[in-house]
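In what follows, a structure is listed as structure tokens, so that the remarks can point back to it.
For ligands, and for the atoms within them, numbers begin at 1 and follow the listed sequence.
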Amino acid sequence: MKILKINSSVQSADKSVTRQLVSKLISSICSTNDEIIDRDLTKGVSLITGELIGAFYTLPEDRTDVQNELLKESNRLINEVKESDVIVMGIPIYNFSVPGSVKAYIDLISRTGVTFSYNDMGQVTGLLEDKKVYIIVASGGTAFKSEADFVSDYMKHMFSFWGITDVHFIDVTQQMTGENILEKANETIANYSIEYTNMT
Ligand SMILES: Cc1cc2nc3c(=O)[nH]c(=O)nc-3n(C[C@H](O)[C@H](O)[C@H](O)COP(=O)(O)O)c2cc1C
């Protein structure tokens, strides 16, 4: 099994709840033969440009060398998603939405004819193979699935837009309330671990 590990917290592993839980979830579901692709979005994701969008919309056979070069990052990120069986993603809520690096990542993954397509009737088809996705969402006060949570429905929508619908959330929101938020998240992760043990 190949697991794509995606982190987006600007905090280091010793301080970040999402980084710690991403690692915990991965170690509880993976076995020694599994391969982990480590994609830390805080280490750099390019913002889209007019030239890049031009390359997206140019047929492969008509692309210039410059356009092919521009497409390399997007191709690499899409290939990582394609080749993985499971995606584990950590997303802290920043200003009620996803961190900028996650938005930049989404902009590089969303490519017509590659990850989604529209037909003449305007209907969308996701072009990626379905796979299991776990998203760990953390916040200080914003409640998961509340009106001010512009992360969970958005991420669910984006994965479904690409054809991936088996998406599970681990709720680590409202840590300021002092309730046993982390304990509950750890329990959820332990249950996923049992699911995987039963599968193998
Ligand atoms: C720049 C920034 C913006 C934040 N915005 C929000 C927010 O809108 N709502 C909220 O409840 N918490 C917000 N927080 C708190 C984080 O979501 C919370 O601390 C979370 O645990 C961070 O994830 P991490 O521990 O993996 O770094 C913000 C934190 C930072 C650094």
Side-chain angles (χ1 to χ4, degrees), residues 2-30 34-48 73 76-77 80-81 84-110 131-162 164 166-196:
K2 264 193 190 173
I3 301 171
L4 176 57
K5 170 184 180 183
I6 306 175
N7 273 303
S8 63
S9 167
V10 295
Q11 303 271 30
S12 54
D14 55 327
K15 297 199 185 102
S16 159
V17 172
T18 54
R19 283 182 187 276
Q20 286 165 20
L21 292 176
V22 162
S23 296
K24 190 161 196 173
L25 178 47
I26 290 177
S27 55
S28 67
I29 62 169
C30 81
D34 293 336
E35 192 187 317
I36 295 166
I37 306 166
D38 197 346
R39 174 57 55 195
D40 187 338
L41 299 180
T42 66
K43 292 196 171 143
V45 192
S46 302
L47 296 179
I48 50 169
E73 184 182 6
R76 186 166 54 244
L77 297 176
E80 286 177 357
V81 174
S84 61
D85 306 291
V86 177
I87 299 171
V88 181
M89 194 168 188
I91 306 184
I93 296 183
Y94 285 169
N95 300 310
F96 309 101
S97 186
V98 294
S101 64
V102 175
K103 180 60 168 65
Y105 180 75
I106 287 168
D107 289 342
L108 292 179
I109 298 281
S110 297
K131 49 194 84 219
K132 252 192 192 332
V133 176
Y134 297 98
I135 303 178
I136 291 152
V137 183
S139 83
T142 306
F144 180 66
K145 293 274 182 193
S146 66
E147 251 183 28
D149 168 11
F150 293 94
V151 172
S152 46
D153 282 347
Y154 176 51
M155 291 310 299
K156 197 172 173 199
H157 178 80
M158 287 316 306
F159 276 106
S160 145
F161 184 61
W162 303 324
I164 301 172
D166 193 3
V167 179
H168 306 259
F169 287 93
I170 291 108
D171 173 7
V172 206
T173 61
Q174 289 196 293
Q175 292 166 73
M176 276 179 349
T177 62
E179 282 178 29
N180 299 333
I181 311 288
L182 265 178
E183 214 171 277
K184 280 188 210 152
N186 279 315
E187 266 173 35
T188 312
I189 287 174
N191 286 335
Y192 287 137
S193 160
I194 293 165
E195 239 177 65
Y196 272 80

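- Applying the ring pair (Phe, Tyr, Trp, His ring centres under 6.0 Å) rule to F159 yields the partners W162; only residues at least two apart in sequence or on another chain are considered.
- Residues satisfying the ring pair (Phe, Tyr, Trp, His ring centres under 6.0 Å) test with H168, not counting sequence neighbours, are Y134, Y192.
- Looking only at distances, a side-chain donor or acceptor of S16 sits under 3.5 Å from a matching main-chain atom of R19.
- Using modelled atom types and a 3.5 Å distance limit, the side chains of T42 and D40 yield a donor-acceptor pair.
- Pocket lining of ligand 1, defined as residues with a non-hydrogen atom under 4.0 Å away: S9, Q11, S16, V17, T18, P92, I93, Y94, N95, F96, A138, S139, G140, G141, T142, Q175.
- Under the salt bridge (Lys or Arg N to Asp or Glu O under 4.0 Å) criterion, K103 pairs with D107, not counting sequence neighbours.
- Q174 contributes no side-chain N or O that, together with a main-chain N or O of T142, makes up a donor-acceptor pair within less than 3.5 Å.
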